[in-house]
Visitor: 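Sharing a structure, written as structure tokens. Questions coming.
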Amino acid sequence: IVAMIYWAVLRLTTSLENPPQLKILGYLWLTFPPALGGLLLGLIPISLVTAASFYLVNGYTFDTSESDPDGRRWLFATTKLQYSDVAIDPDLLHLTRQGRTGLAFLTMAIASLYFTTKLLVPKKKLSGDHGDAKPITTSTWKRSNLLVSSILMGLFLVGIVEWSFWESFGTYIWEAIILMKFLGILIGQVMDNQLGEALLSAPVMTAFGLVQAVVTMSANDFMDFLLSYIVGFGFLILERMYIGPLLSNILNWSYNVFSAMIHSVRKLLPPILSGDQNDSTSNSEDSETVHEENEETLEPLLGSYTSYSCDVLSLLYFPFIMVVIMIFREEAEMMKLYNIKESDMEYYLLFALVIIPFQIAADIFMQNSLELLHGWKTFEYLEYCRARFLQREMWWKGLETNTLDECIENSLRSVDQLCFSSQYYMLSTLHVNAIVYLVLGIVMMARAKYNAFGDPAMSSIVMIILLCTIVVKLVLTRIAMIVGLWSIRHEKRRWHDKIHADGEPQLDQWSHEQSTGHDEYKLEGRMTSDAFRYKFLRYNRSWIIEQLPNMLTPRMTQRSRPYIMNQLARILGSIDADVSSDSEADDAPDFDVPAMNASTRAMIRMWYGEAGRLLRLSGLVEPIIQQSRDDVCQFCLGRGSLRVETCFSVEEMNRQFIVEYPECKDDIDQVQWKMFWQSTQKYSTICMECLQKRAKEKYEGIIDDDRSSDDADSLGDLVTSELDSVKSTILSTWYSQARASLNG
């Protein structure tokens, strides 16, 4: 309800001329299925390995619960608990199992971090890099950096969890929530600078937000927990709508103010102590130029939606981690330290499940509110991401080497490449779970005061967990290949390329492949040929030029202006050359470019300004013209292929507009021009058939008009007409004088 009211206020007070529509079902289809699908796919291997870990340590509860309720004859319980022990102490068996469970969680976390790091930073095979070890070295460094940063984040989160075990933490829960919110913003900036890519920092910060949600269960009672959620939701609106989009501007403003203060202080010092002031001035100017942001770029939208993806993943993953805490309640001891009964924990879990649809609905309103507030086109971008993911060239989207958008900032290219698909959410789920399991494992071992290096069963537990992880990974990957998970669309159309690699196809498959995909394969081949591209550029050159302002972003034109101008000049120049050769320009005279003087330049500028004015005036009234179209043709009452014709041209309306409003001759008043157009212009609706018929009649009338015969008849009438006395006298006088002058 709060998000809906906020959206209604923004919708009524927006400054956009054409505000975007609220497409609830569209947003729901583009945002929720990829997140839910990726989460479920990621939880499958996590659940399997977690179940194996539980059975490895606490399997006696299923097999020997009656004969051996304490599990003293279960796996690893018959061996010494520590190398230094002389005999097995039954009183320490529970603490040892608690520590071994933490060791299993820690092993799962390290293995998951290793596998997800390889997928987040894949080693791509780049063309032209034969024998060059630079890409491999770069990817290895990125993987190591991500692995170390994730482990350090896990250790930091262990400190937050241990802090939440403080007896008075529930009393100061409000101050703790606000402190962790601001701390999250600071840590987010540090992680972004350390990792350098939003794709790498997103799961790390998701783990921070998830642990932050877990420690709110340490509130004094369930009501305080609900109130803490409400406070967190209010801060979420503030962060997503204002703090996140404006954070870079705030930091840049702070940097500029700090630089100006330092510059002012250095001015008061002697030149020897202050150094070179010109360098500082130039550096400050350069920093202002570098940090200047353009609101029309894609980076703010990408950063905001990446933050939203972290929030929605934390929302969906939170019930699972609560189930894990309930299953391992004796090992984690979080419910005990938070003073939450086992029966009361069900209410926390139920709240986490019930709040999901309401939170998703609120997120839809907030996404549209971002469009209204900042003018972003989030819905169109999500549709574009879905289309790119469906039309990907490889099974795993992150392995493509030619789909990185160089127009986007380098730190956001990789997350844009994954298109916020189910692959992105699955990968984030695995990495987030690894960090959370790292925290739980260390907490379990710390609660039990467990020394892993002194346990004889350490190596066996680690090897079994690693073996389970590898087997589950291989089996699930094979099953995904067999069932066609994330299969490439229209993959069968490229059966010609597979012949060279796989040999001749089988006879029973040849007819099916050829009938279903060969025609479409040939069509795609024609569309990607050079001849098709040439004809497309030739016949659509004017349309391409009109679309250039929409295709080229301001950041792209600033960064690659010489390259873009060179490429466009080559394309348009080649088209001009080809068009001239087709129109027999070889036989035409080669005209030289005349030298222009001041008058000709003034005339060209005047014509250019007038043409630009007419184009602008025509664009302003184009929607009004289209709205004036009737439902039927005014000539034949037809309803198909209707178009609107104006009774007065834009040139005539412009001249009359200048006469009535001389002050608008140089500067166009858009409102006044539209009002004048609506009050003066008249329209007629005509169908395409009547329009062609009228043009044909006009053409036939020109053909039937024999101008030469008309001229001859008029000349004969002139010669044979009778002359009166006055005309005869004039002609006789002229004739006699002409003969006299000739005989001279």
Side-chain angles (χ1 to χ4, degrees), residues 46 49-62 64 68-114 150-166 207 211 214-215 218 321 323-338 340 433-469:
I46 294 172
V49 181
T50 304
S53 303
F54 180 83
Y55 185 80
L56 179 65
V57 180
N58 300 318
Y60 66 91
T61 57
F62 299 101
T64 61
D68 187 16
D70 296 333
R72 296 183 180 183
R73 295 190 300 271
W74 188 244
L75 300 176
F76 309 116
T78 57
T79 60
K80 292 190 298 183
L81 304 182
Q82 293 289 326
Y83 286 111
S84 59
D85 293 343
V86 178
I88 300 177
D89 188 358
D91 297 335
L92 299 178
L93 185 58
H94 173 71
L95 294 177
T96 303
R97 284 193 179 128
Q98 182 180 1
R100 289 172 177 175
T101 304
L103 177 63
F105 270 72
L106 186 62
T107 305
M108 284 189 290
I110 299 299
S112 299
L113 287 176
Y114 173 75
S150 301
I151 294 176
L152 291 178
M153 174 58 75
L155 296 177
F156 177 77
L157 294 178
V158 169
I160 292 181
V161 172
E162 291 292 336
W163 177 41
S164 67
F165 294 155
W166 178 36
V211 172
V214 170
V215 299
S218 63
I321 198 62
V323 172
V324 173
I325 294 175
M326 292 174 64
I327 294 175
F328 296 92
R329 55 185 178 275
E330 295 182 359
E331 289 80 3
E333 296 186 3
M334 297 183 69
M335 298 171 55
K336 176 183 177 181
L337 295 173
Y338 289 160
I340 301 176
N433 180 82
I435 299 177
V436 174
Y437 271 27
L438 177 69
V439 175
L440 291 178
I442 296 177
V443 169
M444 292 177 185
M445 296 171 67
R447 293 290 103 189
K449 298 180 181 180
Y450 172 71
N451 181 15
F453 297 99
D455 188 0
M458 171 188 171
S459 58
S460 301
I461 294 175
V462 171
M463 293 300 296
I464 293 174
I465 297 300
L466 290 179
L467 182 61
C468 291
T469 304

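One is the number of the first residue; the rest follow in order along the sequence. These numbers come from the heavy atoms of this one structure, side chains and all, not from hydrogens, waters or symmetry mates.
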Visitor: With the side chain counted from C-beta on, respond yes when Val57 and Ser53 share a heavy-atom pair under 4.5 Å apart, and no when they do not.
Guide: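 Not in contact.
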
Visitor: Does anything in residues 455-467 pair up under salt bridge (Lys or Arg N to Asp or Glu O under 4.0 Å), and if so which pairs, sequence neighbours excluded?
Guide: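 Listed once each, the pairs are Arg100-Asp455.
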
Visitor: How far does OH of Tyr450 sit from CG of Leu106, to the nearest 0.5 angstrom?
Guide: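 One gets 10.5 Å once the value is rounded to the nearest 0.5 Å.
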
Visitor: Exactly one of Ile160, Val214, Leu157 should register a side-chain contact (heavy atoms from CB on, under 4.5 Å) with Val439. Which one does?
Guide: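 Result for side-chain contact (heavy atoms from CB on, under 4.5 Å) with Val439: Leu157.
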
Visitor: Can you run down the salt bridge (Lys or Arg N to Asp or Glu O under 4.0 Å) pairs that involve residues 326-337, sequence neighbours left out, and say none if there aren't any?
Guide: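 Residue pairs with at least one partner in residues 326-337: Arg329-Glu342.
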
Visitor: Phe328 vs Phe54 aromatic rings, parallel, tilted or perpendicular, using cut-offs 30° and 60°?
Guide: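 Aromatic pair Phe328/Phe54 classed perpendicular.
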
Visitor: So Val215 and Trp163, side chain to side chain contact (heavy atoms under 4.5 Å, CB included) or not? Walk me through it.
Guide: CA-CA 9 Å; Val215 299; Trp163 177 41; over 6 Å; no

Visitor: Where is the tightest heavy-atom contact between Glu162 and Ala446, given as atom of each residue plus distance?
Guide: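 Heavy-atom minimum between the residues: OE2-CB, 4.5 Å.
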
Visitor: Please test Leu95 against Lys449 for side chain to side chain contact (heavy atoms under 4.5 Å, CB included), starting from the C-alpha separation and ending with a verdict.
Guide: CA-CA 8 Å; Leu95 294 177; Lys449 298 180 181 180; over 6 Å; no

Visitor: Mind listing the closest non-hydrogen atom pair of Ala332 and Val443 along with its distance?
Guide: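 Looking at all heavy atoms of both residues, the shortest contact is O-CG1, 4.2 Å.
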
Visitor: Please find the pair of heavy atoms, one from Ile46 and one from Thr50, that lie closest to each other, and give the distance.
Guide: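 Reported closest heavy-atom pair: O-OG1, 2.6 Å.
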
Visitor: So how far is it from Ile435 CD1 to Phe156 CZ, rounded to the nearest 0.5 Å?
Guide: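 CZ of Phe156 is found 13.0 Å from CD1 of Ile435.
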
Visitor: Kindly give the heavy-atom pair with the smallest separation between Ser150 and Leu438, and that separation in Å.
Guide: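 Looks like O-CD2, 4.4 Å.
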
Visitor: Any chance you could lay out the side chain to side chain contact (heavy atoms under 4.5 Å, CB included) test for Leu103 and Ile465, step after step, and finish with the verdict?
Guide: CA-CA 10 Å; Leu103 177 63; Ile465 297 300; over 6 Å; no

Visitor: Of the non-hydrogen atoms in Met458 and Ala452, which two are nearest, and what is the gap between them?
Guide: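 So the minimum-distance heavy-atom pair works out to SD-O, 3.1 Å.
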
Visitor: Could you grab the distance from atom CG of Leu113 to atom OH of Tyr437, nearest 0.5 Å is fine?
Guide: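 Answer for the CG-OH pair, Leu113 versus Tyr437, is 13.0 Å.
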
Visitor: Using modelled atom types and a 3.5 Å cut-off, is there a donor and acceptor pairing between side-chain atoms of Ser460 and backbone atoms of Ala457?
Guide: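 No; judged by distance alone, with no hydrogens or angles, the pair does not exist.
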
Visitor: Would you compute the distance between atom CG of Asn433 and atom CD1 of Ile321 and round it to the nearest 0.5 angstrom?
Guide: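 Nearest 0.5 Å value for the CG-CD1 distance: 6.5 Å.
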
Visitor: Starting at OG1 of Thr101, measure out to CD1 of Ile327 and round the result to the nearest 0.5 Å.
Guide: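 Result: 12.5 Å between the selected atoms.
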
Visitor: Any chance you could lay out the side chain to side chain contact (heavy atoms under 4.5 Å, CB included) test for Met334 and Met326, step after step, and finish with the verdict?
Guide: CA-CA 9 Å; Met334 297 183 69; Met326 292 174 64; over 6 Å; no

Visitor: Is there a side-chain contact between Phe165 and Ser218, using heavy atoms and a 4.5 Å cut-off?
Guide: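 Not touching, per the 4.5 Å side-chain cut-off.
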
Visitor: Using the test side chain to side chain donor-acceptor pair (under 3.5 Å), find all partners of Thr469 that sit at least two apart in sequence or belong to another chain.
Guide: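 Residues passing side chain to side chain donor-acceptor pair (under 3.5 Å) with Thr469: none at all.
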
Visitor: Mind checking the CD1-OG1 spacing from Ile464 to Thr107? Nearest 0.5 Å is all I need.
Guide: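 Result: 10.5 Å between the selected atoms.
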
Visitor: If you compare all heavy atoms of Cys468 against all heavy atoms of Val49, which two are closest, and at what distance to 0.1 Å?
Guide: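 Looks like O-CG2, 4.4 Å.
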
